[in-house]
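Here's the structure, in structure tokens; my notes come after.
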Amino acid sequence: MTSVLDDYFVDPDLSLLDKVRIQAQVLVPVLRALRAELGKDKADALVKQALRDWSKQLFGAIGEGIEGSARKKWATIQSVWGEVSGREVEVEVLRQDKEALDIDVTRCRFAEFFRALGEPELGALLICAADFDIASVGEGEVSLDRAQTLMQGAPSCTFRYRFAPR
């Protein structure tokens, strides 16, 4: 099945977790070398900015390729993102209506992977921050608030989407 993400993720047959593992094989040694050379704070800030810029550009470009309203663009990306990441997480839907979507992620294999690597901050940049970049495709019609994540050691990830009136 062709999805809106196929042009951006190499080999749609690989799971998103496997793709993230491949990214980590490259990023973790680079991050650690940068830390040794520049110090942790400076290296982490540099990598954070680079990954944030990459993710915003990626999801912005995907959104531009989808027809319709900003909310429809968000819903399309969110649906596909949910499909590709959903195999790796366990969720509880708390609310789903025209005004809001509240979800708690109670298990996340991405968080387990990055915590085992000792790099939960990198996992938060690669995986968790993408949720905000996807929400930004909603251009004010969709907002996301998340108070905590499993990646950062909380008991769940709290996704609180709010939708502007149509």
Review point. Under a 4.5 Å side-chain heavy-atom rule over Ile, Leu, Val, Met, Phe, Trp and Tyr, are I77 and W54 clustered together?
Key: yes

Check your understanding: Which value, rounded to the nearest 0.5 Å, describes the distance between D104 atom CG and E90 atom CD?
Key -> 13.0 Å

Review point. Are any of the side-chain nitrogens in D44 or R35 under 4.0 Å away from the carboxylate oxygens of its partner?
Key: yes

Review point. Judged by modelled atom types alone, do T149 and Q152 share a side-chain donor-acceptor pair under 3.5 Å?
Key: yes

Review point. Within the distance-only criterion (no hydrogens, no angle test), does the side chain of R109 pair as donor or acceptor with the backbone N or O of L17 below 3.5 angstrom?
Key: no

Review point. How long is the span from the CD atom in E119 to the CE atom in M151, to the nearest 0.5 Å?
Key: 11.5 Å

Review point. Is the backbone of K72 close enough, under 3.5 Å, to the side chain of T76 for a donor and an acceptor to pair up by distance?
Key: yes

Review point. With no hydrogens and no angle check, is any side-chain donor or acceptor of S85 less than 3.5 Å from a backbone partner on W81?
Key: yes

Practice item. Tell me, with the steps shown, if E83 and S79 meet side chain to side chain contact (heavy atoms under 4.5 Å, CB included). Key: CA-CA 6 Å; E83 287 175 25; S79 174; 3.9 Å; yes

Exercise for review: Let me see the working for R146 and D131 under salt bridge (charged side-chain N to carboxylate O under 4.0 Å, His left out), right down to the final yes or no.
Suggested key: CA-CA 10 Å; R146 186 171 51 216; D131 299 314; 2.7 Å; yes

Revision key, fill the gap. Heavy atoms of L144 and A135 approach each other most closely as CB-CB, 3.9 Å

Exercise for review: Hey, could you give me the CD1/CZ distance between I103 and R160, rounded to the nearest 0.5 Å?
Suggested key: 9.0 Å

Check your understanding: Is the number of heavy atoms from other residues, nucleotides or ligands under 6.0 Å of K40 NZ greater than 12?
Key -> yes

Exercise for review: Could you grab the distance from atom CG of L117 to atom CZ of R21, nearest 0.5 Å is fine?
Suggested key: 9.5 Å

Exercise for review: Name all residues meeting the side chain to side chain donor-acceptor pair (under 3.5 Å) criterion together with Q49; count only those two or more places apart in sequence or in a different chain, and write none if there are none.
Suggested key: D53

Practice item. Look at the side chain of Q148 and the backbone N and O of S156, then say whether any donor-acceptor pair between them is shorter than 3.5 Å. Key: yes

Exercise for review: Say whether, by atom type as modelled, one donor and one acceptor occur between the side chain of E141 and the main chain of A164 under 3.5 angstrom.
Suggested key: no

Review point. When you check the side-chain N and O atoms of D133 and S136, is any donor under 3.5 Å from an acceptor?
Key: no

Check your understanding: Under a 4.5 Å side-chain heavy-atom rule over Ile, Leu, Val, Met, Phe, Trp and Tyr, are L94 and L101 clustered together?
Key -> no

Check your understanding: According to the ring-ring contact (aromatic ring centres under 6.0 Å, His included) rule, which pairs have a member within residues 128-166, sequence neighbours left out?
Key -> W74-Y161, W74-F163

Review point. Which value, rounded to the nearest 0.5 Å, describes the distance between C108 atom SG and I127 atom CD1?
Key: 7.5 Å

Practice item. Drop me the distance from R107's CZ to E88's CD, to the nearest 0.5 angstrom. Key: 9.5 Å

